S.K.: 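Structure in structure tokens, see below.
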Amino acid sequence: MIGVFAALLAVPLLGPSPVKAEPAPPPQPTTLAAPATLVPSEPSPEQVGSALAAIARASDGRVRLGAIGRSNEGRPLRLATVGRGPTRLLYVTQQHGDEPLGTPAAIQALWVLGVPRSAWHRWLLSRLTIDIVVQANPDGAVRDQRYNHDPTASGEYSQPGVGYDINRFHNPLTPISDNPVPESRAVLSWWRAVRPSIVVDYHMQGRYLQPDGRETTASILWPTTPLAGADAVNRGRQLAVSNYQAMTYLAGANVTRYPGGDYEGIARNAYGVLGSASLLVELSNLPAEQVPAQIRAAFVSMLATAQGAADGSLWRVDPAAADTVPARGPSLPD
Ligand SMILES: [Zn+2]
């Protein structure tokens with residue numbers, strides 16, 4: 001997997017040679033460059049909708065658009081799908097409305113996967129069906145707030161009078177009728193409808209130092225709840241190692257392990273409990289001049305996960321290598 005993308009991104013290969021994969025046509029460099037200005041780095045729901053519509057038109061039907069539900073203010077919870085293969089992937093961006101950068105990365109990935117036509121595209125899209133919930137919290141996005149919009153919100157994992165933290169309401173053990181958060185209900189219901197083998201959830205964090213003193217640009221974590229089965233956790237760890245390598249060697253990211261909790265209502269944990277290989281990706285909130293590189297890192301994560309799932313290399317990764325991802329270091333002073 002790394003080898004395929006290293007060639008086109010002109011990155012020197014580090015580490016051991018990749019395991020021999022199923023024969024796959026290599027992607028051509030010209031087909032993996034998305035237009036840089038499909039959306040701004042913090043797009044409004046309307047800008048997301050316009051960009052997705054343009055991509056769907058340009059893709060000649062290969063990118064299909066829909067909605068998995070509606071927010072409390074009636075905004076569509078946008079779903080974009082590319083590919084018709086048997087292996088299903090689910091990416092989710094911007095559950096927290098003030099953590100936007102996964103959304104422009106998803107727009108770029110949809111363009112790159114859906115618009116050009118090549119032997120590699122036909123190969124990839126015959127193996128995978130990739131669903132992306134683009135900007136899962138549109139009401140929070142328009143307010144630049146973490147929570148969804150719900151003035152009646154109260155109780156645990158809410159900001160009373162403001163809204164709920166969507167990423168605490170994916171608990172698969174809670175009856176869906178008792179779940180007060182439409183965005184979480186919609187993602188859970190979509191998971192149950194299509195049962196993706198891989199779920200990746202894109203967020204943003206503050207600023208931290210690596211153990212070696214460089215600045216962290218991203219942190220990742222697999223399911224840590226004891227309710228997740230050993231097999232799902234192992235596959236989540238393989239996904240983490242694969243993303244660590246791709247983001248480090250192909251996107252120049254400085255990646256650590258995210259110090260996340262064990263609560264099963266967190267998407268990373270919930271979809272592990274349900275049996276998916278599940279991963280959280282947290283992009284650091286860096287200064288404006290580094291934002292394009294941050295979007296690029298999430299884009300590389302999305303494509304590398306797809307490539308590894310399509311050629312099977314993802315499942316030949318040593319899950320124990322996840323323990324070598326360094327722990328996140330101290331917070332940077334403001
Ligand atoms: Zn978040």
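Just so it is clear, the model here is predicted, and its values are computed rather than measured. Counting from 1, the numbers follow the sequence of the chain as shown. Numbering of ligands and ligand atoms starts at 1, following listing order.
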S.K.: Could you check which N/O/S atom of H96 is closest to the Zn ion (ligand 1)?
M.R.: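 Looking at H96, the N, O or S atom with the least distance to the Zn ion (ligand 1) is ND1.
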
S.K.: Under the salt bridge (Lys or Arg N to Asp or Glu O under 4.0 Å) rule, collect the residues that match up with R78, sequence neighbours excluded.
M.R.: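 None.
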
S.K.: Name of the E99 N, O or S atom nearest the Zn ion (ligand 1)?
M.R.: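 Nearest N/O/S atom: OE1.
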
S.K.: Are R143 and D139 within salt-bridge range, i.e. N to O under 4.0 Å?
M.R.: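 No salt bridge links R143 with D139.
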
S.K.: Does S278 reach the main-chain N or O of R268 with its side chain, forming a donor-acceptor pair under 3.5 Å?
M.R.: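 Pair found, side chain donor or acceptor close to backbone of R268.
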
S.K.: Excluding sequence neighbours, so at least two apart, what forms side chain to side chain donor-acceptor pair (under 3.5 Å) with D131?
M.R.: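 Testing D131 for side chain to side chain donor-acceptor pair (under 3.5 Å), a comparison that skips the adjacent residues, returns T81, R88, W190.
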
S.K.: Of all the N, O or S atoms in H203, which one sits nearest to the Zn ion (ligand 1)?
M.R.: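 Result: ND1.
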
